[in-house]
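Quick notes on the structure that follows.
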Number of protein chains: 2
Amino acid sequence: MSHVPRISESEWEIMKIIWSSHPITAEQIAAKLPSDIEWSEQTVRTFITRLLKKKAIGFNKEGRSYHYYPLVSEKECVRAESQSFLQRVFGGATNLMMTNFLEDAALSEKEIEELQRILKEKKGHTQDKSSGDQG
Amino acid sequence: MSHVPRISESEWEIMKIIWSSHPITAEQIAAKLPSDIEWSEQTVRTFITRLLKKKAIGFNKEGRSYHYYPLVSEKECVRAESQSFLQRVFGGATNLMMTNFLEDAALSEKEIEELQRILKEKKGHTQDKSSGDQG
DNA sequence: GGTTTAAAATTACAAATGTAGATTTAGTTT
DNA sequence: AAACTAAATCTACATTTGTAATTTTAAACC
């Protein structure tokens with residue numbers, strides 16, 4: 001709950017690493033960045049500082065360095081970002097977005113089957129689309 | 001083709017209107033904005049100017065006003081934005097994104113059926129991930 | 001052709017973002 | 001305890017974005 005802060009593109013890279021493994025130091029974060037990203041050590045630390053300021057992460061002091069951990073869950077950030085994207089690009093129409101992605105997507109048999117399974121399950125439940133927000 | 005310019009959140013609102021109906025004047029764009037958006041006329045014109053500078057739109061002078069039209073297609077912008085989102089939030093894993101959306105989505109029977117139909121078709125074709133772009 | 005006036009162009013300004021260098025601080029080491 | 005040094009903090013600066021007011025320009029009208 002509480003509303004998730006706005007996380008920029010660069011900050012997302014940091015967050016993904018922190019979610020995937022924490023507590024974690026700035027140095028370790030820098031080391032885990034994908035190789036196509038070439039930020040100086042300082043740049044990484046700047047993004048970390050901004051995420052602290054946004055209360056997206058916290059830290060525990062451990063010796064001379066900080067060990068960072070998430071304060072917002074990946075789930076809620078993914079959800080917020082997804083909603084924002086869905087709204088901005090597809091005016092909120094989930095199925096429109098889905099069909100668009102499917103048009104382009106190169107999915108394996110197995111992946112298609114998984115989606116089919118989920119859809120089947122959803123259909124069974126005959127979902128009611130009223131309340132969207134929970135908290 | 002050619003690469004699509006980066007379109008900000010506010011600019012997307014303008015672009016959606018221009019795509020949906022063009023040529024169109026600044027005034028008409030302002031009038032078509034969703035009611036929950038409350039921008040001054042000047043703000044709308046600023047966004048239009050920025051889109052011009054980015055070569056996302058062009059115009060024809062018609063009397064005292066400009067009639068704007070898109071220079072980039074909705075399709076390619078949606079695609080670019082989708083790829084960016086997919087990459088940023090799901091590390092590029094389409095099926096992960098799909099399952100995530102499906103978990104949350106409130107879809108009607110009909111919408112589910114449409115997705116099922118598309119998936120079935122895709123499966124039949126046992127699609128290979130060719131089709132052009134993407135690095 | 002001069003006046004009116006709406007539209008465009010210019011200017012403004014704060015916040016966010018990308019990118020990092022310089023400085024301070026406080027563990028660690030001797 | 002002083003020195004060393006890695007990590008944190010502070011400062012910097014250009015670009016993008018959100019949000020508009022002010023000024024200029026040129027079409028329309030009388």
Given DNA chain C, 5'-ward residue of the pair A/Arg6 and A/Thr43, judged by closest heavy atom:
A/Arg6
Examine D/dA8: is either OP1 or OP2 under 4.0 Å from a nitrogen or oxygen in the side chain of A/Tyr68? Give yes or no.
yes
By nearest-nucleotide position on DNA chain C, the 5'-leaning member of A/Glu11 and A/Arg64 is A/Glu11
C/dA8 P sits how many Å from B/Gln28 CD, rounded?
11 Å
Which part of the nucleic acid, if any, lies within reach of A/Glu27 when heavy atoms closer than 4.0 Å are counted: base, sugar-phosphate only, or nothing?
sugar-phosphate
D/dT16, OP1 or OP2 - any side-chain N/O from B/Ser8 closer than 4.0 Å?
no
Quickly work out the A/His67 NE2 to D/dA7 C1' distance and round it to whole Å.
11 Å
Numerically ordered, the residues 31-39 of chain A set in heavy-atom contact under 4.0 Å with DNA chain D is none
What residues in residues 44-60 of chain B put a non-hydrogen atom under 4.0 Å from any atom of DNA chain D?
B/Thr46, B/Phe47, B/Arg50, B/Lys54
Whether the side chain of B/Gln42 and the base of C/dA9 hold a donor-acceptor pair under 3.5 Å is what I'd like checked.
yes
Please report the interatomic distance CG(A/Leu33) to CD(A/Glu38), rounded to the nearest 0.5 Å.
11.0 Å
Can you measure from CG (A/Leu107) to CG (A/Leu115) and round to the nearest 0.5 angstrom?
6.0 Å
Starting at atom CH2 of B/Trp12, determine the distance to atom C1' of D/dT16, rounded to an integer number of angstrom.
18 Å
Salt bridge (charged side-chain N to carboxylate O under 4.0 Å, His left out) between A/Lys123 and B/Glu113, worked out
CA-CA 9 Å; A/Lys123 205 176 179 184; B/Glu113 273 156 23; 3.2 Å; yes
Check: B/Val4 main-chain N/O paired with B/Lys54 side-chain donor or acceptor under 3.5 Å:
no
Are OP1 or OP2 of C/dT19 and a side-chain N or O of A/Ser40 less than 4.0 angstrom apart?
no
DNA chain D: B/Lys61 or A/Ser65, which has the more 5' nearest nucleotide?
A/Ser65
Is A/Glu13 salt-bridged to B/Arg88, cutoff N-O under 4.0 Å?
no
Looking at A/Arg6 and A/Glu11, is any side-chain nitrogen of the basic one under 4.0 Å from a carboxylate oxygen of the acidic one?
no
Between atom CD1 in A/Ile24 and atom P in D/dA7, what is the gap in whole Å?
13 Å
Give A/Glu41 one of three labels, base, sugar-phosphate or nothing, depending on what nucleic acid heavy atoms sit under 4.0 Å from its own.
nothing
Judged by modelled atom types alone, do B/Thr46 and B/Thr49 share a side-chain donor-acceptor pair under 3.5 Å?
no
Carboxylate-amine/guanidinium contact A/Lys32 A/Glu27, below 4.0 Å:
no
Between C1' of D/dT15 and CD of A/Glu9, the distance in whole Å:
15 Å
Would you call the rings of B/Phe85 and B/Phe90 parallel, tilted or perpendicular, where under 30° means parallel and over 60° means perpendicular?
perpendicular
